[in-house]
Novice: 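Here you go, one structure.
For reference, positions follow the sequence shown, starting with 1.
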Amino acid sequence: LMKEGRWVEDNGDTICISGKWLIDGQHRLHAIVLSGRSIRCIVVTEVPNEAFMTKDIGSRRNAADTLSILGYKTSNRVAATANYIYGYRTRGTFQGGGTQQLSPAEVVEFVKSNGGIVDSVAFIPDSFRLTSRSLIAACHFLFREVDVALADTYVNKLTHGDGVLMSDPAFIVRERMINSFGPMARI
């Protein structure tokens, strides 16, 4: 449409720019460059950086995308862990997993207001493959609300298996995970 001169200028679509990012209009600007034409657009500047969480980008932005843009490492795990915790607190179960239950903006707020989520995600080693690392991070976070030292000790035994005695509850849970995961388990 742009190359052919059929693009409707001033159609109400805006180009939104914050102090840090081009929040909306990436595809339109790219199309303008490719068309080789000058196109009149409405440009809004000084949009708050937070606006990108709710602005349409042409495809649905999920919570992990939003967290990644904000600089969170392992954003997929952080988002899934937040959803596990939210599910446990609201329904009393981890059923339904770490799949999106909150909107991306709600996940960001939930993570910000529960700062220990990022610490719990980081506590679970990347090498742990017996079950969902996000689920174990959610358990770690919830256990830490009761007793930080015991939570760290228990989850460390669970994820590493070092020094776990057969009488230790972590041994029983770890064995159950190994048996459930079968020969694919990497320990």
Side-chain angles (χ1 to χ4, degrees), residues 16-24 26 46-57 59-164 168-174 176-177 181 186-187:
C16 294
I17 302 170
S18 78
K20 286 184 167 185
W21 299 297
L22 173 60
I23 292 179
D24 191 31
Q26 300 89 323
E46 299 182 28
V47 175
N49 292 334
E50 295 77 21
F52 79 89
M53 290 190 290
T54 57
K55 196 70 179 141
D56 178 18
I57 60 164
S59 63
R60 188 162 192 257
R61 180 180 287 131
N62 65 32
D65 296 334
T66 304
L67 289 168
S68 178
I69 290 168
L70 288 171
Y72 286 85
K73 305 291 183 218
T74 60
S75 60
N76 284 324
R77 279 190 233 158
V78 172
T81 299
N83 275 306
Y84 271 122
I85 295 165
Y86 177 80
Y88 183 79
R89 285 183 175 166
T90 58
R91 295 187 317 272
T93 180
F94 290 121
Q95 193 70 25
T99 56
Q100 188 113 359
Q101 301 166 30
L102 298 168
S103 72
E106 290 170 329
V107 169
V108 169
E109 288 309 309
F110 191 80
V111 169
K112 285 181 178 179
S113 64
N114 294 278
I117 291 174
V118 173
D119 297 333
S120 289
V121 168
F123 192 83
I124 310 305
D126 288 339
S127 59
F128 180 74
R129 301 271 193 249
L130 297 180
T131 191
S132 162
R133 289 184 296 266
S134 298
L135 174 60
I136 299 301
C139 291
H140 180 256
F141 176 85
L142 294 166
F143 295 163
R144 284 179 63 97
E145 290 182 328
V146 177
D147 189 305
V148 172
L150 285 176
D152 289 354
T153 300
Y154 177 77
V155 172
N156 193 46
K157 287 180 181 181
L158 197 62
T159 57
H160 292 91
D162 300 334
V164 181
D168 193 318
F171 175 83
I172 296 165
V173 173
R174 188 172 168 78
R176 169 77 55 92
M177 287 189 296
F181 211 65
R186 293 190 307 195
I187 36 179

Novice: Just verifying a value: how many Å separate Met177 CE and Thr159 OG1, rounded to the nearest 0.5 Å?
Specialist: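 If I round to the nearest 0.5 Å, the distance is 8.5 Å.
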
Novice: Using the ring pair (Phe, Tyr, Trp, His ring centres under 6.0 Å) criterion, which residues pair with Tyr88? Sequence neighbours excluded.
Specialist: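 Scan of Tyr88 (ring pair (Phe, Tyr, Trp, His ring centres under 6.0 Å), adjacent residues dropped) gives Phe94.
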
Novice: Using side-chain hydrogen bond (donor to acceptor under 3.5 Å, both in side chains) as the criterion, list what pairs up with Asp168, not counting sequence neighbours.
Specialist: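 With sequence neighbours excluded, Asp168 shows a side-chain hydrogen bond (donor to acceptor under 3.5 Å, both in side chains) to Lys157, given in chain and number order.
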
Novice: Output all residues satisfying side chain to side chain contact (heavy atoms under 4.5 Å, CB included) with Ser132, sequence neighbours left out; order by chain, then residue number.
Specialist: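 Tyr84, Ser134, Leu135.
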
Novice: Please report the closest heavy-atom contact between Val107 and Ala79, naming both atoms and the distance.
Specialist: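 Heavy atoms only, the tightest pair is CG1-CA, 4.1 Å.
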
Novice: Would you call Thr66 and Asn62 a side-chain contact if the rule is heavy atoms closer than 4.5 Å?
Specialist: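 Heavy-atom side-chain distance check fails, nothing below 4.5 Å.
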
Novice: Residues two or more places apart in sequence or in another chain: which of them pass side-chain hydrogen bond (donor to acceptor under 3.5 Å, both in side chains) with Ser120?
Specialist: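 Here the qualifying residues are His140.
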
Novice: Which pairs with one or both residues in residues 66-87 pass salt bridge (charged side-chain N to carboxylate O under 4.0 Å, His left out), sequence neighbours excluded?
Specialist: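 Counting only pairs at least two positions apart or across chains, the salt bridge (charged side-chain N to carboxylate O under 4.0 Å, His left out) contacts touching residues 66-87 are Arg77-Asp126.
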
Novice: Run the side chain to side chain contact (heavy atoms under 4.5 Å, CB included) test against Asn114 and tell me which residues pass, sequence neighbours left out.
Specialist: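 For Asn114 the side chain to side chain contact (heavy atoms under 4.5 Å, CB included) partners, ignoring immediate neighbours, are Arg89, Phe110, Ile117, Phe141.
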
Novice: Who pairs with Asp152 by salt bridge (charged side-chain N to carboxylate O under 4.0 Å, His left out), at least two apart in sequence or on another chain?
Specialist: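 Expected list: Arg144.
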
Novice: Heavy atoms only: give me the nearest Val164-Ala170 pair and the separation to one decimal.
Specialist: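 So the minimum-distance heavy-atom pair works out to CG1-C, 4.1 Å.
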
Novice: Using ring pair (Phe, Tyr, Trp, His ring centres under 6.0 Å) as the criterion, list what pairs up with Tyr86, not counting sequence neighbours.
Specialist: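 Residues passing ring pair (Phe, Tyr, Trp, His ring centres under 6.0 Å) with Tyr86: none at all.
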
Novice: Roughly how far apart are Ile85 CD1 and Thr90 OG1, rounded to 0.5 Å?
Specialist: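 Reported to 0.5 Å precision, the distance equals 11.5 Å.
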
Novice: Under the rule for side chain to side chain contact (heavy atoms under 4.5 Å, CB included), what residues qualify as partners of Leu22, not counting sequence neighbours?
Specialist: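 Here the qualifying residues are Ile15, Ile17, Gln26, Leu29.
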
Novice: Measuring from Leu158:CG to Leu130:CG, what's the distance to the nearest 0.5 Å?
Specialist: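 Between Leu158 CG and Leu130 CG, I get 7.5 Å after rounding to 0.5 Å.
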
Novice: Test of understanding: with salt bridge (charged side-chain N to carboxylate O under 4.0 Å, His left out), list the residues that count as partners of Glu106, not counting sequence neighbours.
Specialist: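 With sequence neighbours excluded, Glu106 shows a salt bridge (charged side-chain N to carboxylate O under 4.0 Å, His left out) to no residue whatsoever.
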
Novice: Pro169: what forms a side chain to side chain contact (heavy atoms under 4.5 Å, CB included) with it, not counting sequence neighbours?
Specialist: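 Here the qualifying residues are Tyr154.
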
Novice: Among all residues two or more places apart in sequence or in another chain, which pass the side-chain hydrogen bond (donor to acceptor under 3.5 Å, both in side chains) test with Ser18?
Specialist: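 Only Asn49 meet the side-chain hydrogen bond (donor to acceptor under 3.5 Å, both in side chains) criterion with Ser18.
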
Novice: Show the nearest heavy-atom pair for residues Phe143 and Val155, with the distance to one decimal.
Specialist: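 Closest approach of Phe143 to Val155: CD1-CG2, 4.1 Å.
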
Novice: What closest approach, in Å, do Ala138 and Thr81 show between heavy atoms, and which atom pair accounts for it?
Specialist: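 Scanning both residues, the minimum pair turns out to be N-CG2, 3.6 Å.
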
